[in-house]
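Report on the structure given below.
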Amino acid sequence: MNDQPIGIFDSGVGGTSIWKEINGLLPHEHTIYLADSKNAPYGEKSEENILGLSIKNTELLLKRDCKLIVVACNTATTNAIDYLRKNYEIPFIGIEPAIKPAALQSKSKTVGILATKGTLSSSLFHSTSENHADGIRIIEREGTGLVGLIESGKAGSEVSKELLEIYLTPMLAAGIDHLVLGCTHYPYLIPVLEELLPEGVTIIDSGEAVARQTKAVLKENDMLNSSKEKGIKRFLNGS
Ligand code: DGL
């Protein structure tokens, strides 16, 4: 069992921000990264559609004998993880916008969240955000168009800068001191975000926390690979 790979999926390249953290923390694990680029972006799709794609990705990774699956996509996590956990026996690790740490650290009591439409409209996101938003003002914005730009290698382009300026303006006007990146593609925008954000605004991204949670769950289930060799890293394209 311990020798089986960890499966990781996203709609495209975004989840590699999580993949990197997992490989850093668990170098001896084999990993299979599945990018469903053909169907990206997920964020504009219906809940039913996102669930169907998440099931398809899970089945594909299970065929490759994965022992645990990391849903390295906020959109798929918030729309499908409950179903996946109920219907498959292996453990699933998900990623959700990190509202809790942002809310705890915020001095201005105002936090910005940039995520996809699919994440912001999900009921899981709403219940998490209500749980942690006591006394905190949350300014949400859909990052329409950003995933497409990142998928086509244009994260640092003028267009993505212009879009980000539009999305950040109301957040900055409201006085946010934390910006939560609620999509695994968005860490690729950090260089541009750092140019656009004033000094007092902290960017929060949960990649490292997901890697720590993956390690904890593997350990808890006695599933860690005890090999001293470097794990094999594989990549798949969804169909
Ligand atoms: N990277 C994904 C997320 O974290 C999906 C983005 C998309 O395909 O719209 O939400």
Side-chain angles (χ1 to χ4, degrees), residues 7-22 31 33-58 60-61 69-84 92-102 112-126 128-129 140-155 159-160 163-164 167 179-190 192-193 203-211 213-214 235-239:
I8 303 165
F9 78 80
D10 179 40
S11 62
V13 298
T16 55
S17 58
I18 309 288
W19 171 89
K20 217 167 23 187
E21 300 288 348
I22 292 175
T31 56
Y33 184 87
L34 168 60
D36 191 17
S37 308
K38 267 186 206 156
N39 293 302
Y42 279 11
E44 302 296 313
K45 294 183 164 38
S46 68
E47 184 178 350
E48 202 187 345
N49 212 332
I50 298 165
L51 177 61
L53 292 168
S54 303
I55 293 171
K56 173 188 71 74
N57 295 336
T58 298
L60 229 143
L61 291 169
I69 291 180
V70 179
V71 183
C73 172
N74 292 260
T75 312
T77 298
T78 49
N79 286 278
I81 202 146
D82 287 345
Y83 178 94
L84 299 176
F92 285 86
I93 309 292
I95 177 161
E96 281 182 70
I99 301 170
K100 189 179 174 185
I113 298 185
L114 193 61
T116 68
K117 186 177 172 184
T119 294
L120 294 176
S121 59
S122 68
S123 48
L124 185 57
F125 171 76
H126 279 286
T128 311
S129 127
E140 304 172 8
R141 281 304 295 227
E142 289 173 15
T144 312
L146 295 173
V147 168
L149 286 166
I150 297 161
E151 283 291 311
S152 50
K154 293 183 185 138
V159 193
S160 60
L163 282 180
L164 282 172
Y167 301 150
L179 173 67
V180 177
L181 302 185
C183 170
T184 53
H185 280 74
Y186 298 168
Y188 291 106
L189 296 169
I190 289 177
V192 184
L193 285 168
I203 298 171
I204 308 266
D205 140 47
S206 17
E208 219 186 298
V210 172
Q213 176 69 0
T214 304
F235 294 89
L236 290 179
N237 257 320
S239 52

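Whatever order the structure lists them in is the order used to number ligands and atoms, beginning at 1. All residue numbers refer to positions in the sequence shown, counting from 1.
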Thr119, any N or O under 3.5 Å of ligand 1 N or O: no
d(Tyr83 OH, Leu51 CG) to nearest 0.5 Å is 6.5 Å
(message) Checking side-chain hydrogen bond (donor to acceptor under 3.5 Å, both in side chains) between Tyr42 and each of Thr75, Asp36, Thr116, Asn74, which is the one that passes?
(response)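 Between Tyr42 and the candidates, side-chain hydrogen bond (donor to acceptor under 3.5 Å, both in side chains) is satisfied uniquely by Asp36.
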Distance filter under 4.0 Å to [X] heavy atoms, resulting ligand 1 atoms:
X	value
Gly43	7 (C), 8 (O), 9 (O)
Val147	6 (C), 7 (C), 8 (O), 9 (O)
Thr116	6 (C), 9 (O), 10 (O)
Ser11	5 (C), 6 (C), 7 (C), 8 (O)
Asp10	1 (N), 2 (C), 5 (C)

Ranked by distance from atom 7 (C) of ligand 1, the top protein heavy atom is Tyr42 N, 3.3 Å
Among Thr75, Ile18, Leu53, the residue with a heavy atom nearest to atom 10 (O) of ligand 1 is Thr75
Ignoring hydrogens and angles, tell me if any N or O in the side chain of Ser160 forms a donor-acceptor pair with the backbone of Ala155 under 3.5 Å.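 Side chain of Ser160 to backbone of Ala155, a donor-acceptor pair under 3.5 Å: yes, one is there.
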Any donor-acceptor pair under 3.5 Å linking the side chain of Lys45 with the backbone of Asn39?
yes
- Message: For a 4.5 angstrom cut-off between non-hydrogen side-chain atoms, does His185 reach Ser11?
- Response: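 Yes - at least one pair of side-chain heavy atoms lies under 4.5 Å apart.
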Just say parallel, tilted or perpendicular for the rings of Trp19 and Tyr33, cut-offs at 30° and 60°.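 Ring orientation, 0 to 90° scale: perpendicular.
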Run the side chain to side chain contact (heavy atoms under 4.5 Å, CB included) test on Phe125 and Ile99 for me, step by step, so that the C-alpha distance in whole Å, both residues' side-chain angles and the decisive distance to 0.1 Å come before the verdict. CA-CA 10 Å; Phe125 171 76; Ile99 301 170; 3.5 Å; yes
Does Gly14 reach ligand 1, in the sense of a heavy atom lying below 4.0 Å from it?
no
